[in-house]
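Order of listing sets the numbers, starting from 1, for every ligand and every atom in it.
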Amino acid sequence: MKYVVIGASAAGLNGLKTLRSNDKNAEIVLIAPDSIIHSRCILHRFIDGERNESKLNFTEDGLIEKNKVKWLKNKAASVALDNKTVILDNGDKVNYDKLLIAAGSATNMPPIKNIEKVTNVFGLHDFDDAVAIKENAKKAKHIGIIGSGLIGCDAISGVLNSGAKISCFEMADHMLPVNLDKHAAQAYEKAFADKGVQQYYNVTVAEFLPGGDGKVSGLKLSDGKTFDCDMVIITTGLKANTDFLQNSGLQMDKKGLVYDKFGKTSDKNVFAAGDISGKTPVWSAAVKEGIIAANNMSGVPSEMTDFFASKCTMNFAGIPSMSLGITTKPDDTFIEVVSADKKGNYKKIVHKNGEIKGAILQGDLSYAGILTQLIREKIDVSRVKKPLFNIDYSDFFGEFKF
Ligand SMILES: Cc1cc2nc3c(=O)[nH]c(=O)nc-3n(C[C@H](O)[C@H](O)[C@H](O)COP(=O)(O)OP(=O)(O)OC[C@H]3O[C@@H](n4cnc5c(N)ncnc54)[C@H](O)[C@@H]3O)c2cc1C
């Protein structure tokens, strides 16, 4: 059996480890252009100097050699399903029996006027981006960061001590709008403001102002206001890396490559996992999907059952938070249960017809275990007699009246 894996990150590397553990004799080929194995989640720690290059590797030493993997440091340029071949950017052809596509995502560059005319504008996605940001932040006087989601907050954290003035521009009305509600976001907004980060909400960056040297010299908002800046980091979202699959015949939707809970695509020999779906850009989901797809490729039935794949934890400015699912009720058919204290601890559950649809924990995360039990045991929270946040583990051992 010959397995080919495209992508050397959360989904691809966990996939290839699983393939090897299920099939000791198979030939495994990895296709990915990355200069080093690195976790994107800690790139900001490389930018701020807390970690060096080698400390970005999230795998065990010698992963590739131990698993007898042949790594081709190329990009896949296309896939031919009829003769089960991946065509590389140098024209070489690599045949497969089963293919795992885990090519992930890239920064989605928004159509801001002059974006193609100015330099010193970066995304934050790959190791190379982090190297460029680190180098240029040392010389920058004013860094504009567009977007204040998880990657935006990583960018702020990375350049916070660079000496440059930092301004953040966000379309939504609060920081981390996808992951947190306004209340929980305020903790981070204040923590970053205390460190001098200027923040502008409900704004859209419409234009980059070119300087004489070709570098960006400022940006203009859609309301006409302008700001000087000599470096910009764009963190407005990710897009699935599906360009090389456009003519493959594999089924896609508007977001990315389509595959089912077994990791199967529309072709029986091709599996997929991770950000390439364009749906759940979360590390833990990519890891799980990589393992599940690899299991099914190598004859071990396995399926994705975790409906809260969107679970995410963060710890900016020393404030831990966890969020999953919907964190603000979309309409009155949803119920929010909230607990907040003066120490900054905040808990919130959003449910509908007794089924938990989302939650936020901030500060004290010890309730995460109970929350997981509530979700796993499919507890109808509308029927729980105790205050929800007073439940403890003993309640799950028969004493509790649901
Ligand atoms: C800055 C940043 C911070 C993040 N922080 C967090 C966090 O704190 N928590 C969290 O849960 N998630 C976080 N994420 C999201 C998380 O990193 C992703 O969900 C995860 O990396 C997805 O893994 P993946 O394997 O699907 O793809 P990716 O990590 O995107 O990797 C794709 C791989 O495919 C390769 N590739 C791409 N195109 C081709 C091609 N044509 N041919 C061959 N190889 C190709 C790439 O080089 C790479 O090796 C963060 C993302 C970023 C960018």
Side-chain angles (χ1 to χ4, degrees), residues 4-16 29-47 56 58-59 71-79 86-90 94 99-108 122-130 133 145 147 149-158 176 178-179 233-246 248 256-257 259 263 272-291 293-294 308-316 320-324:
V4 172
V5 176
I6 300 179
S9 183
L13 296 181
N14 281 287
L16 71 78
V29 176
L30 173 66
I31 301 170
D34 308 46
S35 54
I36 58 165
I37 293 178
H38 61 283
S39 165
R40 307 182 193 294
C41 311
I42 44 179
L43 284 176
H44 57 295
R45 292 293 161 236
F46 172 79
I47 296 171
L56 295 177
F58 61 94
T59 61
W71 185 350
L72 303 174
K73 296 224 174 192
N74 292 83
K75 274 193 134 183
S78 61
V79 173
V86 179
I87 296 99
L88 305 185
D89 51 2
N90 62 0
V94 183
L99 173 66
L100 173 58
I101 303 180
S105 57
T107 303
N108 190 16
F122 307 95
L124 173 54
H125 190 273
D126 300 323
F127 177 62
D128 293 351
D129 295 330
I133 290 171
I145 296 176
L150 286 169
I151 300 177
C153 288
D154 274 3
I156 296 173
S157 306
L176 293 151
V178 175
N179 310 91
I233 308 175
I234 296 185
T235 69
T236 49
L238 302 174
K239 69 172 171 47
N241 280 327
T242 51
D243 286 357
F244 74 106
L245 300 172
Q246 287 311 327
S248 65
L257 183 58
Y259 51 90
D275 280 17
I276 189 86
S277 71
K279 293 185 187 71
T280 318
V282 175
W283 185 268
S284 55
V287 169
K288 273 190 207 168
E289 288 184 13
I291 294 170
F308 275 118
S310 60
K311 178 176 158 189
C312 124
T313 53
M314 64 201 85
N315 194 344
F316 300 111
S321 298
M322 189 195 103
S323 83
L324 49 86

Query raised in the report: Is it true that Asp34 lies under 4.0 Å from ligand 1, counting heavy atoms only?
Result: yes
**Report entry** Between CD1 on residue Ile31 and CG on residue Leu100, distance to nearest 0.5 Å
**Finding:** 11.0 Å
Query - Ile151 to ligand 1, any heavy atom closer than 4.0 Å - result: yes
Report task. Spell out, as yes or no, whether a donor-acceptor pair under 3.5 Å connects the side chain of Thr235 to the backbone of Gly147. Result -> yes
Requested in this report: If you have a sec, work out which protein heavy atom is nearest atom 35 (C) of ligand 1 and how many Å separate them, to one decimal?
Outcome: Gly7 CA, 3.8 Å
Report summary line: Logged contact type for Trp283 with ligand 1, heavy-atom cut-off 4.0 Å, is both
Query raised in the report: Taking the side chain from His125 and the backbone from Ser105, do they hold a donor-acceptor pair closer than 3.5 Å?
Result: yes
Report summary line: Output for pair (Phe58 CZ, Cys41 SG), nearest 0.5 Å, gives 9.0 Å
Query - Lys279 atom NZ, over 12 foreign heavy atoms within 6.0 Å - result: yes
**Report entry** Mode of Ser9 contact toward ligand 1 - side chain, backbone, both, neither (heavy atoms, under 4.0 Å)
**Finding:** both
**Report entry** Non-hydrogen side-chain atoms of Leu43 and Asp129 separated by less than 4.5 Å
**Finding:** no
Report summary line: Of all protein heavy atoms, the one nearest atom 27 (O) of ligand 1 is Gly104 CA, 3.2 Å
Query raised in the report: Going by the order shown, which atoms of ligand 1 are within less than 4.0 Å of some heavy atom of Ala286?
Result: 22 (C), 23 (O), 26 (O)
Query raised in the report: Ser105 to ligand 1: N or O pair under 3.5 Å?
Result: yes
Query raised in the report: Would you say the side chain of Phe244 lies within less than 4.5 Å of the side chain of Ile101, judging by non-hydrogen atoms?
Result: yes
Report task. Answer yes or no: is there a side-chain heavy-atom contact under 4.5 Å between Ile151 and Leu238? Result -> yes
Query raised in the report: Does any N/O atom on Ala10 come nearer than 3.5 Å to any N/O atom on ligand 1?
Result: yes
Requested in this report: Would you mind listing which atoms of ligand 1 come within a distance below 4.0 Å of any non-hydrogen atom of Asn241?
Outcome: 37 (C), 38 (N)
Query - Test item: Ser9 and Arg40 side chains (from C-beta on) under 4.5 Å apart, heavy atoms - result: yes
**Report entry** From CG (Leu124) to NE2 (His44), nearest 0.5 Å
**Finding:** 9.0 Å
Requested in this report: Counting heavy atoms only, name the option from Ala130, Ser39, Gly12, Ala102 that's nearest to atom 33 (C) of ligand 1.
Outcome: Ala102
Report summary line: Rounded to the nearest 0.5 Å, the CG atom of Leu13 sits from the CG atom of Leu30 at a distance of 6.5 Å
**Report entry** NZ/NE/NH1/NH2 to OD/OE distance under 4.0 Å, Asp34 and Lys73
**Finding:** no
Requested in this report: Name the closest protein heavy atom to atom 39 (C) of ligand 1, giving the residue it belongs to and the distance to 0.1 Å.
Outcome: Ala103 CB, 3.9 Å
Query - Distance (rounded to the nearest 0.5 Å) between Met314 CE and Leu176 CG - result: 5.5 Å
Report task. May I ask you to check whether Ala8 has an N/O atom sitting below 3.5 Å from an N/O atom of ligand 1? Result -> yes
Query - Selection from Arg40, Lys75, His44 by shortest heavy-atom distance to atom 28 (P) of ligand 1 - result: Arg40
Report summary line: Residue, atom and distance of the protein heavy atom nearest atom 41 (N) of ligand 1 read Ala76 O, 3.1 Å
Report summary line: The protein heavy atom nearest to atom 43 (C) of ligand 1 is Ile6 CG2, 3.4 Å
Report summary line: Gly274 heavy atoms within 4.0 Å reach ligand 1 at atoms 26 (O)
Query raised in the report: Do any N/O atoms on Val282 end up under 3.5 angstrom from N/O atoms on ligand 1?
Result: yes
Query raised in the report: Of all the non-hydrogen atoms in the protein, which one sits nearest to atom 7 (C) of ligand 1, and at what distance?
Result: Cys41 SG, 3.5 Å
**Report entry** ligand 1-proximal atoms of Asp154, by part, heavy-atom distance under 4.0 Å
**Finding:** side chain
Query raised in the report: What's the shortest distance from atom 25 (O) of ligand 1 to any protein heavy atom, and which residue and atom give it?
Result: Ala11 N, 2.9 Å
Requested in this report: Could you establish whether Pro281 and ligand 1 come within less than 4.0 Å of each other, counting only heavy atoms on the residue side?
Outcome: yes
Query raised in the report: Which atoms of ligand 1 have any heavy atom of Ile31 under 4.0 Å away?
Result: 43 (C), 44 (N)
Report task. Heavy-atom contacts with Pro33 under 4.0 Å: which atoms of ligand 1 show up? List them by number with element. Result -> 43 (C), 44 (N), 45 (C), 47 (O)
Requested in this report: Please confirm whether Leu124 comes within less than 3.5 Å of ligand 1 when only nitrogen or oxygen atoms on both sides are compared.
Outcome: no
**Report entry** CG-CG distance between Leu72 and Asn90, expressed to the nearest 0.5 angstrom
**Finding:** 8.5 Å
Requested in this report: Among all protein heavy atoms, pick out the one at the shortest distance from atom 18 (C) of ligand 1; state its residue, atom name and that distance to 0.1 Å.
Outcome: Asp275 OD2, 3.4 Å
Query raised in the report: Do Glu289 and Tyr259 have side chains that get closer than 4.5 Å, going by heavy atoms?
Result: yes
